[in-house]
Amino acid sequence: MIRISCKNERFTYDMYHIVKSFLPDAEISQKVDPEQELLIEMTAEEEPDLEEQACDKKVRWTFFHCREAEIADISEKREQKRYINKKLYQTLVKKTGEEHAWGNMTGVRPTKMIMERLEEGSSEEEIIRYMHDTYVVNGKKAMLGIEIAKREKAQLDKLDYENGYSLYIGIPFCPTTCSYCSFTSYPVAKWQDRMDEYVDALLKELAFIAEVSKEKHLNAIYMGGGTPTTLSAQQMDRVLSFLEEHFSFEHLKEYTIEAGRPDSITEDKLRVIRKHGVGRISINPQTMQQKTLDVIGRRHTVEDVVRIFHLARELGFDNINMDLIVGLPEETIEDVRETMRQLEELDPDNITVHSLAIKRAARLRMQKEQYENLHIENTAQTIDLTAECCHEMGLEPYYLYRQKNMAGNFENVGYAKPGKAGVYNILIMEEKQTIMALGAGATTKVVFEDGKRIERVGNVKDIINYLDRVDEMVERKRELLKNCGQL
């Protein structure tokens, strides 16, 4: 048991996640006590991942602390947190003998930070030094961030920041919920009778956005989820037809549908998507190991992935992404190598490699007893293997992001053939352009003209609430746009 006690609430988030990155299985409790003497105190009891202590196991001992006097000369609150985070990271490195390639970075987007410095005129050497001195990021990861930030910038320079916007359409239904997943999704079988009603609500939101965005330039459309292809072919046709009828595609740079799981994709649906000119789709296996698919609750086969991929190619789709997850239960580096070999035979245009991130709401975490004997591991060697395989396939890294609770504390990287990079993926990470989002659980982000200020408004996640309150969701957006001076 690790106990974290802070005098000030603003330190608790980072403290928790830095400790968790070193001790993912540790039980951690937190409290805020304005009356305590130390600014931060962490104690441990019977923690096997920390070095042996010559004391009774029942006696708690302090392994990290920070006094207010240590940060008294640091005026900026942000810099105070960075000092404390670095000190805690160095303490944990000493105690565990483990170092992290991304150092003590938590809750930040590496490429966004790097891009800001590139735009300010910083050299690569200055950025590498800053990343190391501030976050203890190693040189290899800093260079990866720089390489990707430059590619992102080249893509973003094509967009209209002043008068442009992008559109996200959320379909929060899935055939089943995977054991590692905590996204807002609902089993489609339970909601089948209300899917038309959900589409009606989407079109109501879309009608509002079309009305208020007539003078704007639509740059990207992304339909995600959940699994968008849980919609029937007819329902998909309704949504895509509505888009064509009510929005101008004159300035559209990218049109993506995350088709997703092979067990939800049919030829009829692919034909509808193709008919409406969607240029980019995802067919996401997560792994090409059948034993793993069975463990994580995927109700499709490896053969299904191959069949649907070839069908999409036959129908003319020339920009197909495939999502993988490394660090899945019971998978070894040889399993990942075999998955990459099979993907090389398929020759997709994009591959997005995710490091498994198990959130609190995922079954793997909530039902620990059921999964406690499963081995979950991700290593630098596995990450390097996927990078090498993608390079051999002619795919270049073009976007990167990190999540909390990632196996091995690594990163997610999108790889693409030249000219096939996903613009929306970059936009969602770098927050350079307004994204109008609709559907249950979707969050609209309005980016101000200076690019520095962002205002958000979210839709309710619960399906029933969304259907009953869709008019309110529209009014939330109207109020946000008024407050931002864009209406």
Side-chain angles (χ1 to χ4, degrees), residues 109 111-116 118-121 149-170 202-224 239-258 276-280 319 398-399 401 416 419-439 442-459 473-487:
R109 295 179 171 94
T111 52
K112 184 175 183 179
M113 183 183 304
I114 291 169
M115 190 179 296
E116 288 173 355
L118 286 172
E119 291 173 341
E120 291 168 0
K150 287 181 175 180
R151 288 203 179 100
E152 288 183 338
K153 189 174 185 307
Q155 291 294 322
L156 294 176
D157 285 346
K158 302 174 184 176
L159 302 181
D160 181 350
Y161 289 159
E162 290 185 14
N163 203 37
Y165 74 103
S166 291
L167 193 60
Y168 174 81
I169 302 168
L202 287 180
L203 299 190
K204 184 171 284 191
E205 283 202 275
L206 273 172
F208 166 74
I209 295 169
E211 172 197 336
V212 299
S213 304
K214 289 177 181 176
E215 305 303 318
K216 299 282 187 180
H217 295 165
L218 179 58
N219 286 164
I221 301 172
Y222 190 99
M223 184 184 289
V239 176
L240 302 188
S241 295
F242 191 93
L243 284 166
E244 288 176 351
E245 292 163 7
H246 293 81
F247 291 81
S248 169
F249 288 5
E250 181 184 355
H251 302 280
L252 195 65
K253 307 292 184 185
E254 180 177 279
Y255 197 170
T256 297
I257 291 182
E258 191 176 345
H276 287 285
V278 175
R280 184 175 182 271
N319 195 351
Y398 77 93
Y399 92 111
Y401 69 103
K420 303 289 187 178
V423 174
Y424 181 85
N425 288 333
I426 299 171
L427 279 173
I428 201 71
M429 288 298 116
E430 302 308 324
E431 299 180 315
K432 293 282 191 180
Q433 189 188 66
T434 291
I435 297 175
M436 302 300 296
L438 53 114
T443 299
T444 290
K445 298 184 200 176
V446 174
V447 180
F448 282 67
E449 288 183 6
D450 62 4
K452 301 294 184 183
R453 182 180 163 196
I454 299 171
E455 295 286 344
R456 296 172 173 81
V457 65
N459 284 353
M473 303 304 103
V474 169
E475 290 308 310
R476 286 184 184 186
K477 291 180 177 61
R478 190 189 305 276
E479 193 65 27
L480 175 64
L481 292 170
K482 282 182 181 178
N483 292 339
C484 296
Q486 297 193 22
L487 191 63

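Here Asn219 contributes atom CG and Leu252 contributes atom CG; the two are 7.5 Å apart, rounded to the nearest 0.5 Å.
Ionic pairing of Glu116 and Arg109 is not present here: no N-O contact between side-chain nitrogen and carboxylate oxygen is shorter than 4.0 angstrom. A salt bridge links Arg478 with Glu475; the closest basic N to acidic carboxylate O contact falls under 4.0 Å.
At a threshold of 4.5 Å between non-hydrogen side-chain atoms, the residues Tyr165 and Val446 do not count as touching.
Judged as a side chain to side chain donor-acceptor pair (under 3.5 Å), and not counting sequence neighbours, the contacts of Asn425 are Tyr398. By the ring pair (Phe, Tyr, Trp, His ring centres under 6.0 Å) test, His251 pairs with His217, sequence neighbours left out. Under the side chain to side chain contact (heavy atoms under 4.5 Å, CB included) criterion, Met113 pairs with Met105, Val108, Arg117, Tyr130, Met131, Tyr135, not counting sequence neighbours. With sequence neighbours left out, the side chain to side chain contact (heavy atoms under 4.5 Å, CB included) criterion links Asp157 to Lys153. Looking at residues two or more places apart in sequence or on another chain, you find a side chain to side chain contact (heavy atoms under 4.5 Å, CB included) between Glu455 and Phe448, Arg453, Leu480, Cys484.
With Glu205 contributing its side chain and Gly439 its backbone, the two residues share a donor-acceptor pair below 3.5 Å. Listed for the Ser166 side chain is no donor-acceptor partner under 3.5 Å among the backbone atoms of Ile435.
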Inset, instruction - In sequence, state the C-alpha distance, the side-chain angles, and the governing distance for Glu431 and Arg456, and then conclude on salt bridge (charged side-chain N to carboxylate O under 4.0 Å, His left out). - result: CA-CA 11 Å; Glu431 299 180 315; Arg456 296 172 173 81; 2.5 Å; yes
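Using modelled atom types, one finds a donor on one side chain and an acceptor on the other under 3.5 Å when comparing Glu258 with Tyr222.
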Residues 207-215 side chain polar contacts: donor-acceptor under 3.5 Å, at least two apart:
unit_1, atom_1, unit_2, atom_2, d
Ser213, OG, Ile209, O, 2.8

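Each of Ile428, Leu159, Leu156 was scored for a side chain to side chain contact (heavy atoms under 4.5 Å, CB included) with Gln433, with one residue passing: Leu159.
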